[in-house]
Amino acid sequence: MHEPPLRSPRAPAWLAWFIGRLGYGLLTAWVISLVVFIATQALPSDPARVILGPDAPIESILTLQRQLGLDQPILVQYLRWLGAALRGDLGISLDSQVPVADLLFGRLGHTLALLAGVLALVVPLALVLGVNLALRRDRPLDRWGLSTLILFKATPSFLLAIGLVLLFSMPGMGWLPAVSILDPQQPLWRQLHYLVLPVIALGLSALPYLTRMVRASMIEALESDYVIAARLRGIPERRIVWRHTLPNALTPAIQGVALTLRTLVGGALLAEVIFSYPGIGTALNAAIQVRDLPMIQGIVLVITLAVVLINLLADLFTVLLTPKLRTARRVKMIRRNRRGLRPWWRRVRSAPAQEATHD
Amino acid sequence: MTDSRWLADPQVRRGTVITLLVMSLALFGPWLAPHAPTAMVGPVYGPPSASAPLGHDFLGHDLLSRLLSGGLSVLWMSLAAATIALLVGGSLGLLAGFSRRRLDQAISWATDVSLAFPDLILVLLIVSMLGRAPWLIVLTVAIAFTPGVIRLARGSTVAVAGQEFVEAAQMMGYPRWRILFNEILPNILTPLLVHFGNMLTWAVGMLSGLSFLGYGVAPPAADWGLMINENQAGLLVQPWAVLAPALLIGVFAYGTNILAEGIGRVSARIGEKQP
C-alpha cells in the first residue's frame with residue numbers, strides 16, 4: 001500500500017478548509033455584485049427616468065441613457081460595470097461629478113471609526129456584564145439586568161438615537177454636541193467628542209445581544225466537567241472564571257460580534273442620519289434622495305462586500321481559536337445563528353439536534 | 001393545550017396586555033380621533049390645552065387625532081411583513097431541512113447570500129428603485145426577513161427529522177407533505193412563533209425608521225415614524241409631538257418583544273420537564 005502523503009508541518013490542517021471558504025466567499029461576492037446590478041440597473045424601471053423624474057423630456061432621457069451606457073445590451077452593461085468595479089472604478093457620481101470611489105473613501109473612514117468605537121465600547125462591557133450576570137444567575141441582579149437589557153433590545157435603535165439628541169439639545173446639556181457635523185478641515189481624531197453620542201446610541205442597541213450571548217455560553221461552560229474538576233482541585237473561583245471558563249465561552253461570541261457588525265451597519269445608517277454624522281449611511285441616504293445611481297451602487301456594493309469579509313474573518317477566527325476545529329482534517333461549514341438571540345429554546349433540546357447534524 | 005401554561009408566566013401576560021393595548025389603540029384609534037388627522041385646527045406647535053390634550057404639531061394638526069390615526073399603518077404593515085416572511089421562510093426552511101440534498105444546498109446558499117445585505121440597506125435599495133407603495137414596502141421588509149426564518153426553520157427541521165416518529169412515518173409510507181405538515185411542523189412551531197414575535201419588533205423598528213427617513217408612508221397621512229420626522233424642528237417648543245409617537249413605537253416594540261421572550265422561556269421550561 002501507499003504511504004499516506006506526508007504533510008509538511010508548515011501546511012496547517014485548516015488551510016484546505018480556508019481555501020474552500022475563501023472560494024465560497026468570492027462566489028458570494030460575485031452573486032452580490034449581480035444582485036446589486038440587477039436591483040439598480042436591470043429592473044424594469046428605467047434608471048434614466050428614475051433619475052430625471054417622470055416629467056423629463058424624452059431627449060434628455062435619451063442623452064442620460066447614452067451617458068450611463070444604458071443603450072447597450074444588459075450583459076455588456078454588467079460586464080463593463082463589473083470590470084470597472086474590479087479596477088476600483090465605481091463610476092462618477094451624477095450629483096457631484098466626482099468619482100464615487102473618491103467620495104466613498106473618506107466617508108468609509110468615518111463610518112469605520114464609528115463602528116470601531118462601538119465595538120471598543122460594547123465588547124468589553126458585554127464581557128464583564130455577561131460574566132457577572134452568569135455568576136449571579138437567577139438572582140435579583142441577574143433578573144433586573146436582563147429586563148433592562150430587553151428594554152434596550154426592544155427599543156428601535158433610531159429611537160435611542162433620537163432620545164439622546166433630545167436629551168443633549170435641552171438647555172444646560174450642551175457639554176456634548178447633540179449633532180455631529182464634523183469640521184472637514186480637521187482630522188477626525190481631533191474631533192472625537194462628536195463620536196460620543198452616536199457611539200453610545202449604537203452601543204446601547206448592540207449591547208443586549210452580545211451580553212446575553214456571553215451570559216448564556218458562560219452558564220453552559222460553568223456547568224461543564226472541567227469546571228467541576230477545577231473546583232475540586234481547589235483552584236480559586238476567580239481564576240476558574242476568567243482563565244478557564246471565559247476563553248471557552250468566547251468562541252460563540254466571535255460569531256456574535258460578526259452578527260452585531262452586520263446589524264450595526266444598518267443601524268449606523270439611521271444613527272448617522274439622525275446625528276448628521278458624515279459617514280457612509282448619510283451618503284447613501286443623500287444618494288437615494290437625489291437618485292445618484294452610481295453612488296447607490298457603489299455604497300451598497302461596499303457595504304455588502306464588507307459583510308462578506310466580516311463573516312469570512314469571523315469563521316477564520318472561530319476555526320483558529322477552537323483547537324478541535326484547528327486540527328481537524330475536515331472542517332464543516334460553520335453554522336451560525338446570525339439573527340436574534342442564540343436560540344436557547346433549542347439548546348434545551350440540543351441532544352437530538354447534535355445527533356441529527358453530523359450527516 | 002399549552003395556552004394556560006403560557007398565560008401563567010408573568011412576562012407573557014405583561015407582553016400580551018401591552019401588545020393588545022397598543023394594537024387596539026392603533027386599530028380603533030381612527031374612529032376615536034376627535035378631528036381628521038389632516039385637519040389643521042390649531043396654532044402651529046400649539047401647547048397642550050383643554051380642547052387639545054396633547055397640543056398641536058408642525059402644521060397645527062391636532063396631535064392626539066394624528067397619534068390615534070397614525071398607528072394603523074405601522075400595525076398592519078409590520079404584521080403583514082412578519083406573516084409573509086414566516087409563511088414563505090417557514091415552508092422553504094421546512095423543505096430544505098427535510099430534503100437535505102441539492103435543494104437544501106441551493107436554499108441554504110441563497111440564504112447566505114441574502115444575509116450579506118443588511119436588512120435596512122436591502123429595503124432602502126428596493127424601495128428607492130421601485131417606489132414606496134405600502135404593499136411594496138411590506139414585500140421588501142418580508143424579503144429582508146425571510147432568510148432568517150429559513151435558517152431557523154431549517155435548523156429546527158433538521159433536529160426533528162432525525163427522530164424516531166419521523167422515521168416511523170416515513171416507513172409507513174406517508175406522503176412527504178403529510179410528514180412535513182403533520183409530523184414536523186407542530187414540533188418546530190414554538191421557535192418559529194418566538195421568531196415571529198421578534199420579527200414583529202424588528203418590523204416596527206424598521207417601518208418607523210423608514211417613515212422617519214422619508215421612504216415610508218407619504219406625508220399628509222399620519223404615521224408614528226413620520227410624525228417624529230415632521231416635528232423634529234419644534235422639539236423644544238412642543239416636545240410631545242416627537243415624544244408621544246416615539247413612546248408608542250417603543251411600547252409596541254417592547255410589548256411584542258417581551259411576549260416573544262416569554263413564550264420562548266416558557267416553552268424551554270416545558271421542554272425541560274418533558275424527558
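Values below: all heavy atoms of this structure, side chains included; hydrogens, waters and symmetry mates excluded. We name chains A, B, ... by the order of the sequence lines, and we start the count at 1 in each one.
Between chain B and the options T155(A), V273(A), L264(A), I288(A), heavy-atom pairs under 4.5 Å are most frequent for I288(A). For chain B, the option among I150(A), V265(A), I310(A) with the highest count of heavy-atom pairs below 4.5 Å is I150(A). Counting heavy-atom pairs closer than 4.5 Å to chain B, the top-ranked of the candidates A29(A), G267(A), A306(A), P156(A) is P156(A). When each of L305(A), I299(A), L160(A), L27(A) is scored by its heavy-atom pairs under 4.5 Å with chain B, the top score falls to L27(A). The candidate from V308(A), N285(A), I296(A) with the greatest count of non-hydrogen atom pairs under 4.5 Å with chain B is N285(A). For the options S114(B), G250(B), S208(B), heavy-atom pairs under 4.5 Å to chain A are most numerous at S208(B).
Looking at I228(B), the atoms closer than 4.5 Å to chain A (heavy atoms on both sides) all sit in the side chain, from C-beta outward. Contacts of I121(B) with chain A are made by side-chain atoms alone, with heavy-atom separations under 4.5 Å and no backbone atom involved. There is no contact between T256(B) and chain A, counting heavy-atom distances below 4.5 Å. Only the side chain of L284(A) has a heavy atom closer than 4.5 Å to any heavy atom of chain B. Residue contact with chain A, scored on non-hydrogen atoms closer than 4.5 Å, involves the side chain of V242(B) exclusively. At a 4.5 Å heavy-atom cutoff, the contact between F212(B) and chain A is made by side-chain atoms alone. If you measure heavy-atom distances from L243(B) to chain A, the contacts under 4.5 Å come from the side chain alone.
Looking at every heavy atom in both residues, I303(A) comes nearest to P118(B) through CG2-CG, 3.8 Å. Listed here is the closest heavy atom pair of A246(B) and L159(A): O-CD1, 3.4 Å.
Contact annotation: the side chain of L269(A) approaches that of L124(B) to within less than 4.5 Å [non-hydrogen atoms, C-beta and beyond]. Two residues are said to be in side-chain contact when any heavy atoms from C-beta on lie closer than 4.5 Å; K153(A) and T201(B) fail this criterion.
Atom CZ of F158(A) sits about 10.0 Å away from atom CG of L120(B), to the nearest 0.5 Å. Here the OH-CG distance, from Y254(B) to L151(A), works out to 6.0 Å after rounding to the nearest 0.5 Å. Rounding to the nearest 0.5 Å gives a distance of 10.0 Å between CE of M206(B) and OG of S157(A).
With a 6.0 Å radius and a threshold of 12 heavy atoms from other residues, nucleotides or ligands, W109(B) has its CH2 atom above the threshold.
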